[in-house]
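Below: one structure, written as structure tokens.
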Amino acid sequence: MANKTALRELQQRLAERMAAAREQTLVANWLAVECAGVGLLFSLKQASEIFAPVPIKPVPYAKPWLAGVANLRGGLFTVVDLAVYLGLRDPAPGRAVAVQSRLVSLGSDLNLNCALLVDRLAGLRSDEQLPLAPQQPAGPLPRFAGSLRRDETGRNWQEINLEALSRQENFLHIVA
């Protein structure tokens, strides 16, 4: 008898949680990633696919932040080490790609076969989960840096406009 009561209570709690989840639909706007310990946000409208690490072939005479090229779904993609590009980490030729690293390809609307190498995925986030930070960074920021957002733990997340990033002069002329 006790098992039936416990099962009935469990079913009731699950039904209540499912109803609450339907009422609180959060729309994900951001892909949260980490590069060298810094939280970054990519708009889901500008990011395309996420890939597990694949072999990356180095490109001679390339910029230090160009990790190389990779075959992603049969297409040749330039791979940019985002942490190095942003100056968050020094370039290390032949650096091994960590298991939790991922490649995030730019959206097809950007007309650039490029994937960004990030250290770790942190999941999908909504605007409600990441309100604007009370204090925005002072001083000049790169054109691709959007607003600063803060999560419930107090951690800051920097928006990165992938379209503006892909239009940077040095980004367009990847090979020196």
Side-chain angles (χ1 to χ4, degrees), residues 29-125 130 133 135-151 153-176:
N29 305 82
W30 305 103
L31 172 63
V33 301
E34 290 183 7
C35 287
V38 175
L40 304 173
L41 298 170
F42 302 152
S43 167
L44 290 178
K45 294 177 182 174
Q46 296 175 341
S48 181
E49 287 187 69
I50 299 167
F51 297 92
V54 297
I56 299 172
K57 300 294 181 195
V59 175
Y61 309 110
K63 303 281 185 184
W65 40 265
L66 180 72
V69 293
N71 180 347
L72 301 175
R73 287 191 183 254
L76 190 62
F77 281 71
T78 303
V79 178
V80 172
D81 186 332
L82 189 58
V84 175
Y85 183 83
L86 296 175
L88 302 173
R89 178 173 43 237
D90 290 331
R95 179 177 74 88
V97 175
V99 174
Q100 71 269 17
S101 294
R102 293 292 180 262
L103 297 170
V104 179
S105 64
L106 301 183
S108 59
D109 293 348
L110 301 180
N111 296 320
L112 197 60
N113 275 8
C114 181
L116 303 173
L117 177 63
V118 299
D119 295 343
R120 188 178 85 76
L121 295 179
L124 298 175
R125 302 288 193 275
L130 293 169
Q135 291 184 330
Q136 294 297 309
L141 292 174
R143 298 178 82 179
F144 56 83
S147 299
L148 189 64
R149 294 180 172 270
R150 184 168 289 160
D151 66 17
T153 67
R155 181 175 184 188
N156 287 332
W157 294 87
Q158 178 66 56
E159 292 178 17
I160 299 293
N161 182 321
L162 296 178
E163 181 176 10
L165 176 73
S166 71
R167 302 294 178 243
Q168 293 288 302
E169 185 69 27
N170 62 349
F171 202 90
L172 289 171
H173 302 289
I174 289 177
V175 179

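Along the sequence shown, residues are numbered consecutively beginning with 1.
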Please output the side-chain donor-acceptor pairs of residues 52-59 that fall under 3.5 Å, not counting sequence neighbours, one pair per line with the distance.
none

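- To the nearest 0.5 Å, atom CG of residue L82 and atom CG of residue D119 are 9.0 Å apart.
- In this structure, L130 CG and S147 OG are separated by 11.5 Å, a value rounded to the nearest 0.5 Å.
- Taking E34 as the reference, R120, R155 meet the salt bridge (Lys or Arg N to Asp or Glu O under 4.0 Å) condition, with sequence neighbours excluded.
- Residue R143 qualifies as open at atom CZ: its count of foreign heavy atoms under 6.0 Å is 12 or below.
- The CZ atom of R89 sits 7.0 Å away from atom SG of C35, with the distance rounded to the nearest 0.5 Å.
- Nearest approach of W157 to A32, heavy atoms of both residues: CZ3-CB, 3.7 Å.
- Evaluation of the side-chain hydrogen bond (donor to acceptor under 3.5 Å, both in side chains) rule for N156 yields R150 as partners, not counting sequence neighbours.
- Inter-residue side-chain proximity for L40 and L86 is flagged as met; some heavy-atom pair is nearer than 4.5 Å.
- The pair D151-R125 does not meet the salt-bridge criterion, since no charged nitrogen lies less than 4.0 angstrom from a carboxylate oxygen.
- Atom CG in D81 sits 9.5 Å away from atom CG in L88 (nearest 0.5 Å).
- The CZ atom of F77 sits 6.0 Å away from the CZ atom of F51 when rounded to the nearest 0.5 Å.
- Side-chain atoms of L44 and L124, non-hydrogen and from C-beta on, do get closer than 4.5 Å to each other.
- Not counting sequence neighbours, the partners of Y85 by the ring-ring contact (aromatic ring centres under 6.0 Å, His included) test are W65, F171.
- A search for side-chain hydrogen bond (donor to acceptor under 3.5 Å, both in side chains) contacts involving N161 returns Q46, not counting sequence neighbours.
- Contact record, N71 with G74: OD1-N, 2.9 Å, taken as the closest heavy-atom pair.
- Interatomic distance, CZ of F42 versus CG of L121, reported as 9.5 Å (0.5 Å rounding).
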Please tabulate, one pair per line, all N/O donor-acceptor pairs under 3.5 Å involving side-chain atoms of residues 105-118, not counting sequence neighbours.
{"residue": "S105", "atom": "OG", "partner": "E49", "partner atom": "N", "Å": "3.0"}
{"residue": "S105", "atom": "OG", "partner": "E49", "partner atom": "O", "Å": "3.4"}
{"residue": "N113", "atom": "ND2", "partner": "L76", "partner atom": "O", "Å": "3.4"}

